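This report refers to the structure that appears directly beneath it.
Because the structure is predicted, anything quoted here is derived from the model rather than measured. Below, all heavy atoms of this structure are taken into account, side chains as well, without hydrogens, waters or symmetry copies.
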Amino acid sequence: MDDRSFDPKTYTRRNSNRLACYDYRSSGAYFITICTQNRQRVLDIPIMHTAVARKVAPTSSAFSNGSRDAFVVMPDHVHGILWLDGALKDAPTVGRVIGAFKAWVTIVWRNYHTEANLPCLSHLWQRDYYEHVLRNAEDGLLTREYILNTLSKRC
């Protein structure tokens with residue numbers, strides 16, 4: 001597309017769901033939902049389910065500046081609460097932590113396809129993720145309850 005055919009009324013940037021003027025490196029809890037591309041039900045594949053569960057486990061090095069709270073792996077998405085410690089030097093943002101998580105699980109996804117001699121024709125994850133800053137104890141309790149209820153429906 002050349003510059004002359006660009007119409008800003010037709011092509012606009014996506015609106016951000018992020019809080020204006022909020023530092024996503026700061027200490028606190030974040031409710032995260034990450035969906036697979038086109039809601040593919042690939043997280044039911046045992047190796048994928050295990051990879052995701054291991055990466056969000058409390059002992060995982062993926063969250064070196066934080067820890068996870070309640071989480072659930074569904075067939076096509078993951079819900080979880082991520083706690084970050086913004087006091088650490090060079091603490092990454094929520095986006096960088098989620099990006100590292102997605103990259104690591106994508107490597108497992110591609111290796112699965114390679115070992116099974118299957119073509120990997122689509123992306124594993126949707127482009128973005130949903131996040132919600134948990135602002136107080138009640139917000140955290142309600143979110144944790146939502147995740148645990150989702151988990152009980154899964155079983």
Side-chain angles (χ1 to χ4, degrees), residues 12-113 116 118 120-155:
T12 59
R13 291 182 53 90
R14 295 185 320 168
N15 292 329
S16 176
N17 292 328
R18 294 185 151 224
L19 291 174
C21 303
Y22 185 83
D23 181 6
Y24 282 85
R25 276 189 179 88
S26 59
S27 297
Y30 302 86
F31 172 56
I32 306 292
T33 300
I34 308 169
C35 297
T36 59
Q37 183 72 28
N38 300 324
R39 300 299 286 236
Q40 303 170 82
R41 299 177 61 86
V42 299
L43 301 180
D44 264 350
I45 299 169
I47 192 169
M48 296 305 300
H49 187 88
T50 302
V52 170
R54 279 192 182 143
K55 205 56 181 174
V56 295
T59 57
S60 173
S61 61
F63 303 116
S64 58
N65 75 316
S67 60
R68 65 107 179 141
D69 197 319
F71 80 95
V72 62
V73 181
M74 300 298 286
D76 59 358
H77 66 282
V78 177
H79 288 305
I81 297 175
L82 173 66
W83 287 85
L84 292 184
D85 183 359
L88 297 174
K89 183 181 177 186
D90 299 325
T93 62
V94 172
R96 293 198 73 180
V97 173
I98 299 303
F101 167 80
K102 284 177 154 184
W104 188 84
V105 176
T106 298
I107 290 169
V108 174
W109 172 244
R110 289 185 179 152
N111 288 343
Y112 165 76
H113 279 82
L118 298 170
C120 189
L121 302 175
S122 64
H123 293 281
L124 176 57
W125 302 110
Q126 282 184 0
R127 177 178 171 200
D128 211 351
Y129 58 94
Y130 171 81
E131 70 193 25
H132 170 73
V133 178
L134 300 179
R135 298 179 189 152
N136 55 44
E138 182 182 6
D139 197 8
L141 286 173
L142 290 172
T143 302
R144 192 173 294 109
E145 183 179 319
Y146 171 77
I147 293 170
L148 295 176
N149 284 339
T150 304
L151 179 61
S152 67
K153 290 176 188 173
R154 172 102 170 104
C155 296

Problem set entry | Over all atoms of both residues, closest heavy-atom pair of Pro92 and Leu84 | O-CD1, 4.2 Å
For this session: Determine, step by step, whether Leu43 and Met74 satisfy the side chain to side chain contact (heavy atoms under 4.5 Å, CB included) criterion, reporting the C-alpha distance in whole Å, the side-chain angles of both residues, the deciding distance to 0.1 Å, and the verdict.
Result: CA-CA 7 Å; Leu43 301 180; Met74 300 298 286; over 6 Å; no
For this session: Please identify each residue that fulfils side chain to side chain donor-acceptor pair (under 3.5 Å) with His113, with sequence neighbours left out.
Result: none
For this session: Identify the residue among His79, Gln126, His132 that makes a side-chain hydrogen bond (donor to acceptor under 3.5 Å, both in side chains) with Thr33.
Result: His79
For this session: Indicate yes or no for a side-chain donor-acceptor contact from Asp85 to the backbone of Ala87 under 3.5 Å, with no hydrogens or angles considered.
Result: yes
Problem set entry | Pairwise distance CZ(Arg144) to CG(Asn149) - rounded to 0.5 angstrom | 13.0 Å
Problem set entry | Trp109 and Tyr112 aromatic ring geometry - parallel, tilted or perpendicular at 30°/60° bounds | parallel
Problem set entry | Leu134 CG to Tyr30 OH distance, which is reported to the nearest 0.5 Å | 9.5 Å
Seminar exercise, completed: Separation between OG1 (Thr106) and CG (Asn111), nearest 0.5 Å, reads 11.0 Å
For this session: For Arg110, enumerate each residue passing the side chain to side chain donor-acceptor pair (under 3.5 Å) test, keeping only those at least two apart in sequence or located in another chain.
Result: none
Problem set entry | Closest contact, heavy atoms only, Thr143 versus Asp139 | OG1-O, 2.8 Å
Problem set entry | Smallest separation among heavy atoms of Arg39 and Asp76, with atom names | NE-OD2, 3.0 Å
Exercise. Roughly how far, to the nearest 0.5 Å, is the CD1 atom of Ile147 from the CG atom of Asp69?
Worked result: 7.0 Å
For this session: First locate atom CZ of Arg54, then atom NE2 of His49, and finally report the distance between them rounded to the nearest 0.5 Å.
Result: 11.5 Å
For this session: Please state whether the rings of Tyr130 and Phe31 are parallel, tilted or perpendicular, taking 30° and 60° as the class boundaries.
Result: perpendicular
Exercise. Less than 4.5 Å apart, any side-chain heavy atom of Phe101 and any of Lys55?
Worked result: yes
For this session: Assess whether side chain to side chain contact (heavy atoms under 4.5 Å, CB included) is satisfied between Leu142 and Glu138, documenting all intermediate values.
Result: CA-CA 6 Å; Leu142 290 172; Glu138 182 182 6; 4.1 Å; yes
Exercise. Do you know the tightest heavy-atom contact between Val42 and Met48?
Worked result: O-CB, 3.5 Å
